[in-house]
Amino acid sequence: QEKLSGKDEL
Amino acid sequence: MNIFRLAGDLSHLLAIILLLIKIWKTRSCAGISGKSQILFAVVYVSRYLDLVTTFISLYNTLMKLVFITSSFATLYLMYVKFKATYDHNHDSFRIEFLLLPCFVLALLINASFTPLEVLWTFSIYLEAVAILPQLFLVSKTGEAESITSHYLFALGSYRALYLLNWIYRYYAEGHYDLIAIFAGAIQTILYCDFFYLYITKVLKGKKLQLPA
């Protein structure tokens, strides 16, 4: 699902 | 993933490694703010709680684990192993004046009012100001060892590279997060004075001396 607010970033 | 974010993460990793090398090699944490390291540990714990709930990629999980363990290792070195070399007098920044406002702000301005999102937002706001005790310490002692200034340069560059990553993601993926962008901009701006000193002095082989 679309990552909420840049959660795929560190 | 894009080159800016990868460069940013590697710069962040380099900073953490430089700090551990400095403390381990010199067997001293003189010139390093323990208060800032406490704030960084709080940032990583409150931001990476999704380690247990969401798997994004091996890289993402690995880096989160490295950041969390290295920040606690640094705290151990500073407050236990080389405690005698910790500069209590100069490292006097009141971090409660950073923790509380960031937490209140995270309660007021966030993407969604859920515990995970509020804690993530808190970690974003806190990270923006977490370096203040360290910069405060450098300004009080008036100087920094060269490896400490390399550490600060790598640490400051990481979020500056993230700003480029967010510009890239806006144009390439139409993705943006204003909370992270605003906090990241403030975080990078706080380093400007240091960046100037680093580029004009340290890169010319001089010691980082703040004008008295």
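Predicted model, so just to flag it, every value in this text is computed and none were measured. Residue numbers begin at 1 in each chain, while the letters A, B, ... track the order of the sequences.
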Exercise for the section: Please look at B:Asn60 and chain A and tell me whether the side chain, the backbone, both or neither of the residue comes under 4.5 angstrom of a heavy atom of that chain. Expected result: both

Exercise for the section: Kindly give the heavy-atom pair with the smallest separation between B:Leu135 and B:Phe194, and that separation in Å. Expected result: CD2-CB, 4.4 Å

Exercise for the section: Indicate yes or no: at least one non-hydrogen side-chain atom of B:Lys81 is less than 4.5 angstrom from one of B:Tyr76. Expected result: yes

Exercise for the section: Please report the C-alpha distance between B:Gln134 and B:Asp91 in whole Å, then the side-chain angles of each, then the deciding distance to 0.1 Å, and finally whether the side-chain hydrogen bond (donor to acceptor under 3.5 Å, both in side chains) criterion is met. Expected result: CA-CA 8 Å; B:Gln134 178 65 58; B:Asp91 192 17; over 6 Å; no

Exercise for the section: Describe, in one word, how the ring planes of B:Phe153 and B:Tyr198 are oriented to each other, choosing from parallel (under 30°), tilted (30 to 60°) and perpendicular (over 60°). Expected result: parallel

Fill in the blank from the handout: Counting heavy-atom pairs under 4.5 Å with chain A, the top scorer among B:Arg5, B:Met1, B:Lys64, B:Met63 is B:Arg5

Exercise for the section: Pick one of side chain, backbone, both or neither for B:Tyr48, based on which atoms fall under 4.5 Å of a heavy atom in chain A. Expected result: side chain

Fill in the blank from the handout: Ranking B:Trp166, B:Tyr44, B:Phe67 by heavy-atom pairs under 4.5 Å to chain A gives rank one to B:Trp166

